[in-house]
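The block underneath contains the structure these notes are about, expressed in structure tokens.
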Amino acid sequence: MPALSLEFDPLLPLMGLLLLAFGIVLLSALALYRRARGGWLRLLTGLCLLAALMNPHVVRENQTSLSDVTIVMADRSASNRLGERQNETDAAINAIRAHLADTGGEMRLIESDPNAGRTDLMAPLAAAMSDVPLDRLSGAILITDGRIDDHGNASTVTAAGRPVHALLTGDPGAVDRRIEVLRGPEYGIVDKPTTLSFRVKQDNLSSTAPMRLTIRQSGRLPQQRMVRPEEQVNVTVIPERRGELLIDVEVEAADGEESLINNRALFSINAVRDRLRVLLVSGEPHPGERVWRDTLKSDPAVDLIHFTILRLPSSQDPTPVSELSLIPFPTERLFSEQIEDFDLVIFDRYSMRGVLDFRYFDNLLAYVEQGGAVFVANGPEFSGPLSLYQTPLAAILPSAPTGGVSVGGYVPTLTELGKRHPVTKGLSPRKGEHWGRWFRLVNNQARAGQVLLTGPASQPLLVLNRAGDGRVAELMSDHVWLWARGVEGGGPYQELLRRTVHWLMKEPDLEENALIGRAKDGVIEIEQRSLNNSDSEVILTAPDGTSQTITLKAGEDGIARAKVPASQSGLYSLQSDEKDTVVGVGPVGGHELSHIIPTDRFVKPLTDGTGGGVFWLQDGLPAIRHPSARATATGSNWLGLPQRHATRTDSISQSPLFPAWGWALLLGGLIALMWWRESR
């Protein structure tokens with residue numbers, strides 16, 4: 001489509017043309033004032049001369065009309081996929097696409113992230129509108145249920161100055177019953193009560209009758225209670241161990257509910273220990289004592305109580321007790337009254353020299369079997385008659401002395417089991433590195449448990465064992481301090497001791513047999529860690545009670561894995577031969593699915609501010625019109641996408657308005673006429 005325009009290319013500078021025009025007007029005005037003959041001819045001749053000097057050209061542009069662009073933002077969040085909302089969204093998109101195709105318009109479709117935990121529409125819509133030239137942008141259409149999380153950023157969309165319309169899916173009058181979380185702590189303290197608070201809310205329901213509420217917690221029978229709408233409900237739980245604690249709360253459905261997905265809420269509490277109380281008893285001062293103390297004190301979660309026996313009860317010392325600066329060892333209080341308060345008891349080169357009675361070791365034995373932990377770090381005294389092996393603790397110690405002590409340099413070696421066990425996995429020296437030697441080992445033989453490190457002649461060096469509900473570890477050398485001092489390059493002493501200590505205190509990440517389940521994007525990911533690198537099977541039980549057997553395929557890292565689609569919301573239980581756990585699938589407190597009734601509350605300020613309209617798709621798709629850019633862009637049953645009439649220039653050509661000889665003839669003729677008129 002050609003377009004013509006007139007442009008000028010002056011032959012004189014602008015100032016020269018202005019002075020010439022001033023002179024022509026002045027002289028012509030003077031001639032006209034005096035009523036001289038040919039005054040009007042002089043003015044006409046001067047103006048023609050001025051026009052010729054301005055050198056007018058005709059510019060011809062060959063242009064192509066460009067289509068108007070409409071941005072369509074489709075909400076693909078979880079709430080807008082409920083019921084028929086996704087079908088309504090797809091039908092609206094297809095209708096808009098067909099209309100624009102028939103009218104020569106262009107539609108650019110933008111969709112929100114369906115896997116995001118929130119509905120953000122403003123930022124992607126603003127980015128899409130900024131990518132379109134403003135002279136082609138007709139407007140934008142939001143297709144959503146109105147549950148928008150970033151509605152506060154609407155100013156980024158209104159800045160374009162184009163109408164934004166909203167097509168709302170769903171039924172705003174639908175009945176819904178939901179759980180509103182008032183307090184859902186993310187963290188809790190082991191063995192300390194934690195309170196969850198919530199209430200049941202109702203939309204488009206007037207009944208205040210009590211309803212049944214079901215509370216489920218892993219490892220416990222479901223609890224039920226009757227609650228009323230708007231009544232605050234408090235549930236107190238006590239985490240029994242570190243890790244994730246899941247509580248599933250479900251309220252019974254109301255008649256006519258469209259979706260039950262927000263009738264239940266899943267609370268996830270990460271249970272942590274407030275302080276890990278460790279009792280360290282050193283039988284005598286030695287170089288390794290400081291290693292133990294520094295390693296335990298470097299962990300901010302450990303509350304350490306350390307005693308070193310410097311004076312025996314049988315010691316002959318005439319100094320009065322009142323003048324001694326040594327603190328008496330409170331044996332009765334620690335090993336009889338408060339032993340249950342400790343998470344771990346460590347004996348560091350301790351020998352029976354009359355400090356602890358045998359009855360205290362009976363208490364320790366019961367303490368371990370009931371869930372406590374003991375770590376015995378042995379020195380040469382373990383092979384003698386005063387050894388801890390001569391106490392009731394021998395019943396749970398995994399390795400027994402065989403007499404004597406091996407003296408001579410050796411490098412601690414990981415066993416095949418130790419290379420896979422979480423306590424020592426990954427501690428092997430890197431290529432080009434080596435561990436320093438130790439020079440002493442108590443001769444022993446493992447009776448039970450897991451040998452992770454060995455010394456000379458493949459004798460056990462580090463042995464772990466379970467006893468009842470508790471755990472025991474033995475280190476058969478007191479030379480770990482050589483690694484701490486960096487002798488011959490040292491070794492990973494701190495990581496070795498830290499992992500062993502945390503394994504004894506049942507750290508979930510260090511369990512050699514662990515069953516782990518995670519829910520992600522509607523899929524349950526199952527992992528089983530074991531010391532046997534082989535396939536395994538677990539039983540997966542869905543919230544509705546149905547079960548299926550899942551085969552886990554072992555990987556090169558010793559972890560067997562599988563993925564299973566999760567079709568229901570709630571608690572799934574996983575059970576293998578040795579372990580069981582739970583996985584939560586569904587809305588957690590604050591999730592967008594906690595509110596599913598569609599609303600125009602968040603989109604109306606945006607549409608009103610841009611001159612757009614709000615329409616409910618349940619009433620039918622509004623008619624689409626294309627008014628002028630300055631006309632109203634919305635009506636009661638129609639939405640407007642204003643015409644922009646944008647064009648693209650393909651080529652430009654120009655030619656003089658008159659050729660040079662034409663101007664010469666014109667000026668010559670005018671001058672001759674002017675001379676003839678004035679000569680008469």
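No experiment lies behind these values; they were computed from the predicted model shown.
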- prompt: Of the options N263, N262, V249, which is the one that meets I179 in a side-chain contact (heavy atoms from CB on, under 4.5 Å)?
  reply: V249
message: One pair to check against side chain to side chain contact (heavy atoms under 4.5 Å, CB included): I516 and I559. What are the steps and the verdict?
response: CA-CA 10 Å; I516 304 169; I559 300 178; over 6 Å; no
- prompt: Rounded to the nearest 0.5 Å, how far does NE2 of H165 lie from OG1 of T70?
  reply: 8.5 Å
query: Got a sec, which residues hit side chain to side chain contact (heavy atoms under 4.5 Å, CB included) with E84, two or more places apart in sequence or on another chain?
result: N87
- request: Please report the shortest heavy-atom distance between L6 and P56, naming the atom on each side.
  value: CD1-CB, 4.1 Å
- prompt: Is the closest basic N to carboxylate O distance between R147 and D145 below 4.0 Å?
  reply: no
Side-chain donor-acceptor distances from residues 622-629 under 3.5 Å, at least two apart:
residue	atom	partner	partner atom	Å
H626	ND1	L641	O	3.1
H626	NE2	H99	NE2	3.0

message: Whether R81 and D75 form a salt bridge (side-chain N of Lys/Arg under 4.0 Å from carboxylate O of Asp/Glu) is what I want to check.
response: no
task: With sequence neighbours excluded, tell me which residues meet side chain to side chain contact (heavy atoms under 4.5 Å, CB included) with S197.
output: L182, R183, T195, Q232, N234
- line: Between the CD1 atom in I96 and the CG atom in L621, the distance rounded to the nearest 0.5 Å is 6.0 Å
- request: May I ask you to decide whether R108 forms a salt bridge with E106, counting only side-chain N to carboxylate O separations under 4.0 Å?
  value: yes
message: The criterion is side chain to side chain contact (heavy atoms under 4.5 Å, CB included); which residues satisfy it with R97, sequence neighbours excluded?
response: I93, N94, M107, L109
- prompt: Distance from D113 atom CG to R118 atom CZ, nearest 0.5 Å?
  reply: 12.0 Å
message: Run the side chain to side chain contact (heavy atoms under 4.5 Å, CB included) test against D600 and tell me which residues pass, sequence neighbours left out.
response: L168, V603, K604, V614, W616
- prompt: Between I110 and L125, is any pair of side-chain heavy atoms under 4.5 Å apart?
  reply: no
query: Could you state the interatomic distance from CD1 (I141) to CG (L100), rounded to the nearest 0.5 Å?
result: 7.0 Å
message: Rounded at 0.5 Å granularity, tell me how far CG in N80 sits from OG1 in T119.
response: 8.0 Å
statement: Per side-chain contact (heavy atoms from CB on, under 4.5 Å), T214 is matched among Q224, Q223, R264 by Q224
- prompt: Side chain of E88, backbone of G170: donor and acceptor closer than 3.5 Å?
  reply: yes
- prompt: Between R199 and E231, does at least one N-O distance fall below 4.0 Å, as a salt bridge requires?
  reply: no
- prompt: Quick check: does any side chain N or O of E252 sit under 3.5 Å from a backbone N or O of R212, one acting as donor and the other as acceptor?
  reply: yes
field: Pairwise distance CD(E180) to NZ(K201) - rounded to 0.5 angstrom
entry: 5.0 Å
query: Yes or no on side chain to side chain contact (heavy atoms under 4.5 Å, CB included) for M73 and S112, after CA distance, side-chain angles and deciding distance?
result: CA-CA 8 Å; M73 180 76 226; S112 65; 4.1 Å; yes
task: Check the pair L639 / L167 against side chain to side chain contact (heavy atoms under 4.5 Å, CB included), numbers first and verdict last.
output: CA-CA 10 Å; L639 63 85; L167 303 181; 4.1 Å; yes
statement: Here the salt bridge (Lys or Arg N to Asp or Glu O under 4.0 Å) pairs for residues 152-169, sequence neighbours left out, are none
